[in-house]
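What follows is a set of notes on a single structure, which appears directly below.
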2 protein chains.
Amino acid sequence: MNEIAPTSSLDTLLSRNADRLTATDSRLLKVLLQDPMRAAIENGKEISDRAGVHPASAVRLAQRLGFDGYPAFRAFLCANLTEGGRDFGTASARMAARLVRAEEGGLLASVIRGEIASLERLRLMVTDADIRTFSNRLCEARRIYLLGQGHAASLSRLVALRLKRSGYDARDLDAERGAMAMALRGLAPADVVWLFSFRAPHAAILSLADLAHSQNATVLALTDEASAPIWPAPHHLIRVSRGEAGEPQSLTVPMAVVNAVILDLAGIDDGRSLAALEEYRKFRSKLPPDWN
Amino acid sequence: MNEIAPTSSLDTLLSRNADRLTATDSRLLKVLLQDPMRAAIENGKEISDRAGVHPASAVRLAQRLGFDGYPAFRAFLCANLTEGGRDFGTASARMAARLVRAEEGGLLASVIRGEIASLERLRLMVTDADIRTFSNRLCEARRIYLLGQGHAASLSRLVALRLKRSGYDARDLDAERGAMAMALRGLAPADVVWLFSFRAPHAAILSLADLAHSQNATVLALTDEASAPIWPAPHHLIRVSRGEAGEPQSLTVPMAVVNAVILDLAGIDDGRSLAALEEYRKFRSKLPPDWN
DNA sequence: TCATTCATGCAAAACAAATTGCAGCTACAA
DNA sequence: TTGTAGCTGCAATTTGTTTTGCATGAATGA
């Protein structure tokens, strides 16, 4: 059997063989193209059942298109799907879509609308009890380790800074790349590890979750809907939506969550946060004004 | 076999059975969670091969999680993947949930209200023309240097990351602490320096403004009302209010501004941003899933 | 009208995946 | 040390999927 050039797409493949395709093939292709994602997941029998044709026809279609057999065809579909990025809503596609929509009432207004809509949705997805759980764990923690990757790293950095100013021993592990083993040396059951993940979790996140579990430390996680689950499962998880309406890259929603947690923390830690903040302010005012 | 409630997510499923899971299960789950999409496409044998365990272990994992067998588990993964991506919960369900929670004036609700109020005020303080000025300068820039201190550093980090992904030569100077002289070596009139300052400007901000002026580079600044003036004065300044109503430490408002700028940039740079984002996505999809 | 061609379904065979009993192994407790 | 429980891989079995030979029937053209 002749082999399929890895670059050729399903479209070109179909148009090249358009004349050779039969009525049954069309029925199959109709079903197949209607939901390529599903087609990539199912096997030949399921597809042909859905198309109302015999499984043998699926095999013959694959062969007519130049594949060795149905499995080879399915593999091709999968490759097209994951690489070709059918993967619903790519970053650039979403940005483009947004550019179009931004017409009405100006760009900034549209961004603001989106952020507000995302915040409104947050109200429905997270409860005060979720916030309280997080602040309780932080309050009890001996030390707090924070880790995020990519955009989430900006957030973990911010949280580390604010927790430090509130008198907590917080460490942003992203700031200690390359010396992470050193930083994590003393990870103990009394410690809390707080993970931030907004897409597929980076290996470092999973490794840290693993390590934390093995050391019996408490694991908190703040993720979005797009994020794949973290394993081992965190002890406490807040999952927010950064979706559709909002600017997908924005950290507005997760930032609102951490703001609420840090604020709640100040309410339950018997003045520890407030005292530390006050002390920090005083200390800072004594320094020459150009110090951090 | 007990059946899986259709609502339960993989997360809850895993945490519910966390204690029953074995070392082999973890190896499987690690592989599986690293690329759930791929896992949903592959069969039990392929997954277990990739995890380096016997196919039987994949079957047993599925059974331990309460499924009849591996195929049932895979079906569950697929359902999670296709539904999770889409809008879960109907509009009416969300409306109902909202009515229940609308009354309570909890902490999170008040944080959200504050953030929204701040965003509303932003609309009045900044115009699309301001945004456009920034995006124009960025678009023309040969190279973009970013600097923020304290909380603002989280923002400059985020902006640097996003500009880089949009195909611009952006450098977060905070990441190069100690080597700043090195990083700024080639600062030229064609360059843009973007400063972020939300309180009294740190000495480094002022020095950089000074240096940029002496080299005839363009200086942009994003500050808040509390910030003392930057001197020499930046060529373009956006000043936002993070005040009273909102959580004063929050970066929501300045982040909305940078989101708008980056979005506007994509609209005026003739596809440069969109092409770079697309290329980045493609490149990324070719890497093993645990790379950043 | 008849012969040829080709698409299709059927069913059997070949192949691949999933499942399960079994035995070896390890960890832990008595 | 010995026993027990439980995890794991192997291999045989069961179950499911894919492929192919064959028969049917429809369409085309001589």
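Letters A, B, ... are given to chains in the order of the sequence lines, protein chains preceding strands, and every chain is numbered from 1.
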Partner set under salt bridge (Lys or Arg N to Asp or Glu O under 4.0 Å) for Arg142(A), not counting sequence neighbours
Asp191(A)

So, OP1 or OP2 of dC7(D): does either fall under 4.0 Å of a side-chain N or O from Ser57(B)?
no

Ser166(B) side chain vs Arg162(B) backbone, donor-acceptor pair below 3.5 Å:
yes

Between dT8(D) atom C1' and Leu61(B) atom CG, what is the distance in whole Å?
14 Å

For nucleotides 5-7 of chain C, print each protein N/O atom paired with a nucleotide N/O atom at under 3.5 Å, atom names and distance only.
none

Taken to the nearest 0.5 Å, the spacing of Gln215(A) CD from Asp210(A) CG works out to 10.5 Å

Holding to ring-ring contact (aromatic ring centres under 6.0 Å, His included), I want the full list of residues that pass it with Phe134(A), two or more places apart in sequence or in another chain.
Trp194(A)

Quick one: Phe67(B) CZ to dT19(C) C1', roughly how many Å, whole number?
17 Å

I'd like to check the ring-ring contact (aromatic ring centres under 6.0 Å, His included) partners of His236(A); sequence neighbours left out, ordered by chain and number.
none

Less than 4.5 Å apart, any side-chain heavy atom of Val192(A) and any of Val219(A)?
no

Considering only heavy atoms from C-beta outward, does the side chain of Leu222(A) approach that of Leu155(A) to under 4.5 Å?
yes

Integer-rounded Å distance: dA16(C) P and Glu42(B) CD:
17 Å

Report, as a single string ordered 5' to 3', how protein heavy atoms within less than 4.0 Å touch nucleotides 15-20 of chain D: B base, S sugar-phosphate only, - not at all.
--SSBB

Using salt bridge (Lys or Arg N to Asp or Glu O under 4.0 Å) as the criterion, list what pairs up with Lys164(B), not counting sequence neighbours.
none

